[in-house]
Amino acid sequence: MTDLQGVVATQAAEITALRAEVADLRERLERNPRNSSMPPSAELFTKPPSPSRAERRAAAKKQGKQPGAPGRHLAQRADPDLVVTHAPTACTSCGSGLEGAEVVDTESRQVFDLPEIHLHVTEHRAQRRRCGCGATTKATFPAVATAPACYGPGVRALAAYLAVHQHLPFDRMAQLFADVLGAPVSVGSLAQMVTEAADATGPFTDQVRELLIQAPAVHFDETGGRVQGSLHWVHSASTSLLTLLGCHKRRGRVAMDDLGVLGAMSGVAIHDGWKPYRHYDVDHALCNAHHLRELIAVGIGWDQTWANDLADLMREAKRTVAAARATGSDQLDPATLHSIRVRYGQLVAKGFSLNPEPETGKRSGYDKKAFNLLRRLDGQRDDVLRFTTDFAVPFDNNQAERDIRMVKLQQKISGSWRTLQGAKNFCAIRSYVSTMRKQDADILGGLRLLFEGQVWLPAGA
């Protein structure tokens with residue numbers, strides 16, 4: 001009987017371990033960007049279904065244009081480039097000619113189309129003239145005329161725009177130039193144009209870095225990328241008006257120091273909680289979009305109501321801050337702030353009561369994940385709730401994620417970078433065009449400046 005009890009106990013222990021393993025594997029299979037920190041780029045072809053009609057109704061958001069959103073349509077212009085008048089030649093009733101007949105009404109329709117596209121060639125001729133003293137002087141060519149035959153700043157700016165802002169591979173860019181412009185630009189020439197644009201962004205990069213250092217709050221993030229066949233990291237520092245990207249072999253402090261913002265700034269650093277950010281002596285704010293996704297996983301996936309309630313509280317706090325800001329306030333009233341913090345603490349305590357610290361040595365499992373989430377929410381609650389005490393701090397770190405998402409898009413379309421210099425060129429120009437986009441500047445015009453010996457410089461954060 002003793003042997004049988006031992007076998008049963010052993011089997012019970014194995015069943016418990018297998019159940020935990022199955023639960024962990026099921027959690028991994030069901031993980032997606034809605035309930036975890038998984039980036040959308042990692043979904044591949046297993047994307048979660050779109051929100052159901054019931055979910056959209058619960059969110060009070062219908063399909064199509066949202067109430068209050070500006071409509072978009074193709075409107076007629078008051079100053080068309082060309083007006084063509086069409087007159088009827090004969091009466092449809094009696095057949096009489098209508099030349100010189102009275103015009104009783106005119107109906108207008110406008111067609112928006114492209115003119116025939118072709119290269120515009122300008123020949124610059126530098127004269128030599130002989131002075132009365134006998135000396136000969138030659139006129140200087142403009143800076144854009146660098147060779148007997150060369151492409152001008154407009155073509156070069158388009159190359160940089162297509163490579164970095166539209167993410168076209170160089171082979172396809174060469175085809176586009178040949179097919180659309182009738183310009184047989186080689187792949188090597190296109191790559192050189194992008195390098196020239198990146199080299200000219202130096203003054204812009206210096207100014208953006210200085211503006212970020214002075215900003216009251218800066219978003220930070222990092223993502224991996226393949227460079228020369230090995231893993232490198234693209235780091236970002238950004239605000240709603242500024243973007244700075246840099247590529248480095250390392251992911252941690254060495255790369256952050258190389259970007260030159262986090263170690264020199266005095267504002268709030270907003271990030272996803274990765275440990276190396278804590279080495280810098282600044283105020284920190286954590287991304288609550290990450291927390292909401294993790295709370296959804298615990299609340300819905302593991303049926304723990306405290307997580308749903310805490311997610312609701314954080315959304316409520318976000319709405320409360322937005323309402324206060326809309327009235328011109330720069331802080332919540334003490335009673336409201338105290339209520340949020342008290343309810344927050346109560347829900348975290350309830351979570352700990354259902355998720356005690358797992359046994360030593362356990363590396364995974366839903367109980368470990370829930371406990372780690374609670375430990376972060378409890379131990380770093382000032383950073384989690386900093387958006388309620390400092391209105392310069394947003395609720396989440398979505399700004400950084402939007403800025404760095406283009407790195408993933410670049411690699412999905414054009415593949416990995418063959419050289420580290422190529423990756424740095426992309427980061428320099430991407431910082432330039434992203435900042436221009438945020439500040440409603442003319443992107444092609446700004447890129448053209450780089451090839452004319454100038455550079456567009458941004459306004460403050």
For Arg130, is the CZ atom crowded, meaning more than 12 foreign heavy atoms sit under 6.0 Å from it?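 Incorrect, the count does not exceed 12.
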For Asp179, is the CG atom crowded, meaning more than 12 foreign heavy atoms sit under 6.0 Å from it?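 Counting other residues, nucleotides and ligands, CG of Asp179 exceeds 12 neighbours.
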Taking atom types as modelled, find out whether Asp221 and Ser236 have a side-chain donor-acceptor pair closer than 3.5 angstrom.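 Absent: no donor and acceptor within the cut-off.
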Between Asp171 and Gln175: side-chain donor-acceptor atoms closer than 3.5 Å: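 Asp171 vs Gln175: no donor-acceptor pair found between side chains.
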Validation row: Val111, Arg109 side chains within 4.5 angstrom (heavy atoms):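 No, every pair of side-chain atoms sits at 4.5 Å or beyond.
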With a 4.5 Å heavy-atom cut-off, do Leu377 and Leu295 have their side chains touching?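 Leu377 vs Leu295: side chains touch.
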For a quick test of your reading: what N or O donor-acceptor pairs under 3.5 Å do the side chains of residues 244-265 make, sequence neighbours left out?
{"from": "His248", "atom 1": "ND1", "to": "Arg250", "atom 2": "N", "distance (Å)": "2.9"}
{"from": "Lys249", "atom 1": "NZ", "to": "Ser230", "atom 2": "OG", "distance (Å)": "3.2"}
{"from": "Arg251", "atom 1": "NH2", "to": "Glu222", "atom 2": "OE2", "distance (Å)": "3.0"}
{"from": "Asp257", "atom 1": "OD1", "to": "Tyr280", "atom 2": "OH", "distance (Å)": "2.7"}

Residues that Phe391 engages under ring pair (Phe, Tyr, Trp, His ring centres under 6.0 Å), provided they are two or more places apart: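 With neighbours one apart ignored, the set is empty.
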Sequence-distant partners of His232, ring pair (Phe, Tyr, Trp, His ring centres under 6.0 Å), two or more places apart: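 For His232, no residue satisfies ring pair (Phe, Tyr, Trp, His ring centres under 6.0 Å) once neighbours in sequence are set aside.
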Residue list, salt bridge (charged side-chain N to carboxylate O under 4.0 Å, His left out) with [X], at least two apart or on another chain:
{"X": "Arg156", "result": "Glu196"}
{"X": "Asp378", "result": "Arg381"}
{"X": "Glu123", "result": "Arg125"}

Apply side-chain hydrogen bond (donor to acceptor under 3.5 Å, both in side chains) to the pair Ser238 and Asp403, showing each step before the final yes or no. CA-CA 8 Å; Ser238 61; Asp403 290 331; 2.8 Å; yes
When rounded to the nearest 0.5 angstrom, what is the spacing between CH2 in Trp456 and CD in Gln207?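 Rounded to the nearest 0.5 Å, the CH2-CD separation comes to 8.5 Å.
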Could you check Ile340 against Leu332 for side-chain contact (heavy atoms from CB on, under 4.5 Å), going step by step and ending with a plain yes or no? CA-CA 10 Å; Ile340 291 173; Leu332 294 177; 4.1 Å; yes
